[in-house]
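The structure appears below as C-alpha coordinates.
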Amino acid sequence: MSNEFILTHIHIQDVDGYADRHWLPGHGSVPWHAVFSALAKLTSNPRLIIELADLKRVQEAATCFKNQGLAF
(Lines give C-alpha, C1' and ligand atoms only; values in the text may rest on other atoms or scores of the structure.)
Protein backbone atom coordinates (compact mmCIF):
# COMPACT_ATOMS: atom_id res chain seq x y z
CA MET A 1 0.00 0.00 0.00
CA SER A 2 1.28 3.46 -0.92
CA ASN A 3 1.86 6.21 1.65
CA GLU A 4 0.79 8.80 -0.91
CA PHE A 5 -2.47 10.67 -0.66
CA ILE A 6 -4.32 13.00 -2.97
CA LEU A 7 -5.17 16.42 -1.64
CA THR A 8 -8.45 17.45 -3.25
CA HIS A 9 -9.31 20.81 -1.66
CA ILE A 10 -7.87 23.38 0.73
CA HIS A 11 -9.66 26.05 2.74
CA ILE A 12 -7.73 29.32 2.48
CA GLN A 13 -7.82 31.84 5.33
CA ASP A 14 -5.33 33.77 7.41
CA VAL A 15 -4.94 33.18 11.14
CA ASP A 16 -3.22 34.60 14.19
CA GLY A 17 -2.37 31.28 15.83
CA TYR A 18 -4.96 31.65 18.57
CA ALA A 19 -8.40 31.31 17.02
CA ASP A 20 -10.09 30.32 13.78
CA ARG A 21 -11.09 33.85 12.72
CA HIS A 22 -11.12 33.39 8.92
CA TRP A 23 -9.11 36.55 8.23
CA LEU A 24 -8.35 38.07 4.87
CA PRO A 25 -5.00 36.85 3.48
CA GLY A 26 -2.21 39.17 4.57
CA HIS A 27 -3.93 40.05 7.84
CA GLY A 28 -2.53 37.15 9.85
CA SER A 29 0.57 35.02 10.18
CA VAL A 30 0.31 32.52 7.29
CA PRO A 31 3.44 32.61 5.08
CA TRP A 32 1.53 32.55 1.78
CA HIS A 33 4.54 32.37 -0.54
CA ALA A 34 5.75 29.26 1.31
CA VAL A 35 2.26 27.74 1.21
CA PHE A 36 1.88 28.26 -2.54
CA SER A 37 5.44 27.01 -3.12
CA ALA A 38 4.55 23.77 -1.32
CA LEU A 39 1.27 23.48 -3.25
CA ALA A 40 3.15 23.85 -6.54
CA LYS A 41 5.10 20.67 -5.71
CA LEU A 42 1.98 18.52 -5.41
CA THR A 43 1.09 16.02 -8.11
CA SER A 44 -2.59 16.64 -7.40
CA ASN A 45 -4.35 19.87 -8.32
CA PRO A 46 -6.43 20.74 -5.24
CA ARG A 47 -9.29 23.22 -5.37
CA LEU A 48 -8.52 26.29 -3.26
CA ILE A 49 -11.53 27.58 -1.33
CA ILE A 50 -11.30 31.08 0.15
CA GLU A 51 -12.99 30.87 3.55
CA LEU A 52 -13.55 34.25 5.22
CA ALA A 53 -15.64 35.56 8.09
CA ASP A 54 -16.84 38.40 5.84
CA LEU A 55 -18.06 36.84 2.59
CA LYS A 56 -18.18 40.25 0.93
CA ARG A 57 -14.34 40.25 0.93
CA VAL A 58 -13.77 37.08 -1.12
CA GLN A 59 -12.93 39.04 -4.28
CA GLU A 60 -10.54 41.20 -2.24
CA ALA A 61 -8.79 38.05 -1.02
CA ALA A 62 -8.45 36.75 -4.58
CA THR A 63 -7.02 40.12 -5.65
CA CYS A 64 -4.56 39.99 -2.75
CA PHE A 65 -3.18 36.66 -4.04
CA LYS A 66 -3.10 37.98 -7.60
CA ASN A 67 -1.18 41.11 -6.53
CA GLN A 68 1.40 38.93 -4.78
CA GLY A 69 1.89 36.84 -7.91
CA LEU A 70 0.35 33.77 -6.27
CA ALA A 71 -2.76 33.53 -8.45
CA PHE A 72 -3.96 34.67 -11.83
Side-chain angles (χ1 to χ4, degrees):
M1 180 173 266
S2 172
N3 288 333
E4 293 183 34
F5 64 93
I6 297 174
L7 192 59
T8 58
H9 70 274
I10 300 168
H11 290 232
I12 300 287
Q13 63 167 316
D14 219 327
V15 298
D16 62 6
Y18 297 103
D20 191 18
R21 294 188 174 113
H22 297 47
W23 284 351
L24 190 70
H27 289 81
S29 60
V30 174
W32 291 110
H33 284 276
V35 169
F36 278 81
S37 177
L39 291 174
K41 296 174 185 174
L42 295 175
T43 57
S44 62
N45 187 18
R47 183 173 304 227
L48 304 180
I49 302 164
I50 297 173
E51 183 178 10
L52 303 176
D54 183 354
L55 298 177
K56 295 175 187 170
R57 298 185 82 183
V58 171
Q59 185 58 50
E60 185 179 351
T63 300
C64 175
F65 287 129
K66 183 177 179 182
N67 290 343
Q68 293 184 50
L70 299 172
F72 53 89

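Criterion: ILVMFWY side-chain heavy atoms under 4.5 Å apart, direct or through other members. Under it, Ile49 and Leu7 are not part of a common hydrophobic cluster.
To the nearest 0.5 Å, atoms CG (Leu24) and CZ (Arg57) are separated by 4.5 Å. Interatomic distance, Ile12 CD1 to Leu39 CG, rounded to the nearest 0.5 Å: 6.5 Å. Distance check, rounded to the nearest 0.5 Å: CD1 of Ile10 to CG of Leu42 gives 6.5 Å.
Here the side chains of Cys64 and Leu70 are not in contact, with every heavy-atom distance at 4.5 Å or above.
A donor-acceptor pair under 3.5 Å is absent between the side-chain atoms of Ser44 and the main chain of Ile6, judged by distance alone. In this structure, His33 contributes its side chain and Pro31 its backbone to no donor-acceptor pair below 3.5 Å. Of the possible donor and acceptor atoms, one in the side chain of Asp14 sits under 3.5 Å from a partner among the backbone N and O of Ser29.
Of all heavy-atom pairs spanning Gln13 and Asp20, the tightest one is NE2-OD1, 2.7 Å. Here the closest heavy-atom approach between residue Val58 and residue Ile50 is recorded as O-CD1, 4.0 Å.
The local environment of CG in Asn45 is sparse, with at most 12 non-hydrogen atoms from other residues, nucleotides or ligands closer than 6.0 Å.
Classification of the Phe65-Trp32 ring pair by plane angle, with boundaries at 30° and 60°, yields perpendicular.
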